[in-house]
Amino acid sequence: MFDGVGSDEIESMTACLGARLRTYKKGDYVLRQGEHFNDIIILAEGKLYIQKDDYWGNRSILGQISVGEMFGEAYAAPDSGALLNDVAAVEDSAVIFFDVKRVITTCSSACRFHAIVVQNLFFAISEKNRKLVQKLGHMSMRSTREKLISYLSEEARQQNSAGFAIPFNRQQLADFLSVDRSAMSHELCKMRDEGLLEFEKNRFKLL
């Protein structure tokens, strides 16, 4: 959202957009399912997961929010309804909230950066849609192995290397792919024994 905005303009920009900084400890919820809010939110420090728990406590990780990324824009419309998922801090985090009405409405002083902000907002939504299409591609695979191959292949392409680190531990990866952790770990070991890959914790190498 700040792309193209000079460092000397940041202070006046944040004041104009009604920025509020909040901090969260690891495990805290930034937003809860069912809440209503009217903000566009940027992660300034830490890491967040968008997740959903069913009635029995089974968790699905729908996405990760990294430093600098924007979220909440899907609920910016007046009739967008309540939040469908939880947003939780995976580590100590700092989050900036911006009043969505101030973001999309030109202020009386006609700040130069307002047009830049709206343009960046559009680009950010486009990138989110691309990532959603990628995840749907992983989820459309029928077996645990096919989901793993789809996800790990995409990570290798994005990082332009056969060796790479992923942002999940084993349980988080299983939650992200909506598969059983034990079955997934068993499949990874089979793939390793077959010479398809090597791994240690969250680092993988495709062979």
Side-chain angles (χ1 to χ4, degrees), residues 1-4 24 26-27 30 41-54 58-74 84-95 119-207:
M1 196 160 103
F2 298 139
D3 188 35
Y24 299 88
K26 179 181 179 180
V30 178
I41 307 169
I42 293 180
L43 180 61
E45 183 178 311
K47 183 165 66 175
L48 309 176
Y49 281 163
I50 302 172
Q51 60 192 40
K52 190 168 189 175
D53 297 341
D54 64 20
N58 300 307
R59 175 164 296 167
S60 294
I61 295 177
L62 306 178
Q64 173 187 284
I65 302 166
S66 302
V67 171
E69 287 190 334
M70 187 187 315
F71 62 104
E73 68 280 354
L84 297 177
N85 309 299
D86 297 321
V87 178
V90 186
E91 54 192 56
D92 292 352
S93 302
V95 177
Q119 174 181 282
N120 291 343
L121 180 60
F122 172 80
F123 291 153
I125 293 172
S126 298
E127 176 64 13
K128 287 262 182 101
N129 286 337
R130 187 186 66 82
K131 289 183 178 180
L132 179 59
V133 169
Q134 285 179 344
K135 179 167 185 180
L136 288 173
H138 307 324
M139 300 300 297
S140 68
M141 300 300 172
R142 293 182 180 274
S143 69
T144 297
R145 174 175 288 213
E146 288 173 337
K147 290 181 179 182
L148 284 166
I149 288 174
S150 176
Y151 173 73
L152 295 174
S153 296
E154 183 63 36
E155 286 294 316
R157 280 194 293 269
Q158 286 194 2
Q159 300 188 40
N160 196 31
S161 173
F164 53 88
I166 65 171
F168 303 122
N169 61 31
R170 287 288 181 275
Q171 184 60 59
Q172 291 163 348
L173 179 58
D175 292 340
F176 180 74
L177 295 176
S178 293
V179 296
D180 179 76
R181 176 182 174 176
S182 296
M184 184 193 73
S185 296
H186 178 68
E187 196 61 54
L188 282 172
C189 290
K190 286 176 62 178
M191 293 169 70
R192 179 189 58 195
D193 294 343
E194 292 171 16
L196 297 177
L197 52 77
E198 297 173 353
F199 61 84
E200 182 178 357
K201 295 184 178 179
N202 72 326
R203 295 200 61 85
F204 289 81
K205 182 178 181 181
L206 307 188
L207 305 177

In Å, rounded to the nearest 0.5 Å, how long is the span from CE of M139 to CZ of F176? 8.5 Å
CD-CD distance between E154 and Q134, expressed to the nearest 0.5 angstrom: 4.0 Å
Flag, side chain of D92 to backbone of K26, donor-acceptor distance under 3.5 Å: yes
Indicate the atoms forming the closest heavy-atom contact of Q64 with S66, along with that distance. NE2-OG, 2.9 Å
Report yes or no: does S140 contribute a side-chain atom to a donor-acceptor pair with the main-chain N or O of G137 at less than 3.5 Å? yes
Distance, nearest 0.5 Å, that separates CG of L152 from CG of L177: 8.0 Å
Step through the shown structure and confirm whether more than 12 heavy atoms of other residues, nucleotides or ligands are within 6.0 Å of CG on N160. no
Check F168 against I61 and note the closest heavy-atom contact, atom names and distance. CE2-CG2, 4.2 Å
Which residues share a side-chain contact (heavy atoms from CB on, under 4.5 Å) with F199, sequence neighbours left out: R170, L188, C189, R192, L197, F204
So, taking the atom named CZ in R59 and the one named CG in D53, what distance separates them when rounded to the nearest 0.5 Å? 4.0 Å
Measuring only between side-chain heavy atoms, which start at C-beta, is S153 closer than 4.5 Å to R157? yes
Are side-chain heavy atoms of L48 and F71 found at a separation under 4.5 Å? yes
Kindly compute the distance separating CE (M70) from CD (E127), expressed to the nearest 0.5 Å. 11.5 Å
L43 backbone acceptor or donor facing E69 side chain under 3.5 Å: no
Between N202 and I166, is there a donor-acceptor pair closer than 3.5 Å when you use the side chain of the first and the backbone of the second? yes
Closest non-hydrogen atom pair between Y49 and P167, with its separation: OH-O, 2.8 Å
Of all pairs that satisfy salt bridge (Lys or Arg N to Asp or Glu O under 4.0 Å), the ones with a partner from residues 135-149, not counting sequence neighbours: R145-E187, R145-E194
Nearest 0.5 angstrom please: T144 OG1 to K190 NZ, how far? 10.0 Å
Does some side-chain heavy atom of M184 sit less than 4.5 Å from a side-chain heavy atom of L173? yes
Closest heavy-atom contact between S150 and M141? CB-CG, 4.1 Å
